[in-house]
Amino acid sequence: MNRILSVIFILGLLFIPINIQAEEIAENQAEPTVEEKQILPYNYLSTLSIPIKLTITEPYSTKEPLNEGSTLNFRVLENVYYNGKLIVKKGDEISGKLETNITAGMNGFPAEIVLDDFDIPKIKTSQLQSAYVKKGTNRCFWVYPLKWALTPIPFVGSLTNLIKGGHAQIKTSDVITIYYYPEWY
């Protein structure tokens, strides 16, 4: 009986610090003060977003040798209003940057284009959620089964490594949608 009580007592001593730490963590996650709310880069509570539809002025493909960070031009497809006020006019030309340009890889991995950092007059970049991703054809779905099916034949399965994924391309008919958060700072 004494052994059972001593084991319970020792286990109790071991779990007391865990309980105290859990209470400290809960206290530290309290509601932020007014001063802390003013430091935040945007209003976390606001989910109001306004879509801005764009199209690229000249088609782009990963076949073209364009460096990351290059500027691309876009045209606004629809008027954008907020509180009855015109923010962006249809037909306006804006610029964006080629953030990432991933070429097609072996085994059918597709190429990928990431556009971001759109420069729209009257809108701060902190008020935009503007990353746009376009991928090429993913051939992995049929390359890997083919590879495993050909593996028993010496060296033939390895030849499927040479199959590349599809190029990514943005056409002038593609609609690129980015989002404007007017209540973010």
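Model, not experiment: these values are computed from the prediction.
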### Query
Yes or no on salt bridge (Lys or Arg N to Asp or Glu O under 4.0 Å) for Lys97 and Asp119, after CA distance, side-chain angles and deciding distance?
CA-CA 9 Å; Lys97 293 208 171 145; Asp119 185 26; over 6 Å; no
### Query
So Leu54 and Phe118, side chain to side chain contact (heavy atoms under 4.5 Å, CB included) or not? Walk me through it.
CA-CA 11 Å; Leu54 310 169; Phe118 289 90; 3.8 Å; yes
### Task
May I have the step-by-step check of side chain to side chain contact (heavy atoms under 4.5 Å, CB included) for Asp92 and Ile120, ending in yes or no?
CA-CA 9 Å; Asp92 282 354; Ile120 303 175; over 6 Å; no
### Query
Please walk me through it: do Leu115 and Thr100 pass side chain to side chain contact (heavy atoms under 4.5 Å, CB included)?
CA-CA 7 Å; Leu115 303 173; Thr100 308; over 6 Å; no
### Task
Show the numbers, then the answer: is there a side chain to side chain contact (heavy atoms under 4.5 Å, CB included) between Ile56 and Asp174?
CA-CA 8 Å; Ile56 196 163; Asp174 291 344; over 6 Å; no
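For the atom pair Leu98 CG and Asp117 CG, the distance stands at 11.5 Å (nearest 0.5 Å). Interatomic distance, Gln129 CD to Asp116 CG, rounded to the nearest 0.5 Å: 9.5 Å. Separating the OG atom in Ser49 from the CD atom in Glu183 is a distance of 10.5 Å, to the nearest 0.5 Å. To the nearest 0.5 angstrom, Met106 atom CE is 14.0 Å from Arg139 atom CZ. Interatomic distance, OH of Tyr180 versus CD1 of Ile87, reported as 4.5 Å (0.5 Å rounding). Rounded to the nearest 0.5 Å, atoms CD1 (Ile94) and CD1 (Ile123) are 8.0 Å apart.
Screening Lys134, Gln169, Lys171 for a side-chain contact (heavy atoms from CB on, under 4.5 Å) with Ser61, the sole residue that qualifies is Gln169.
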Donor-acceptor pairs are to be reported for all side-chain atoms of residues 147-167 against protein atoms at under 3.5 Å, with residues two or more places apart or in another chain.
from	atom 1	to	atom 2	distance (Å)
Lys147	NZ	Asn161	OD1	2.3
Thr151	OG1	Lys147	O	2.6
Thr160	OG1	Gly157	O	2.6
Asn161	ND2	Ser158	O	3.4
His167	ND1	Thr62	OG1	3.2

Donor-acceptor pairs under 3.5 Å, side chain of residues 70-83 to any protein atom, not counting sequence neighbours: which ones?
from	atom 1	to	atom 2	distance (Å)
Ser70	OG	Asn67	O	2.6
Arg75	NH2	Glu93	OE2	2.9
Asn79	OD1	Lys90	N	2.6

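Nearest approach of Lys135 to Ala168, heavy atoms of both residues: C-CB, 3.9 Å.
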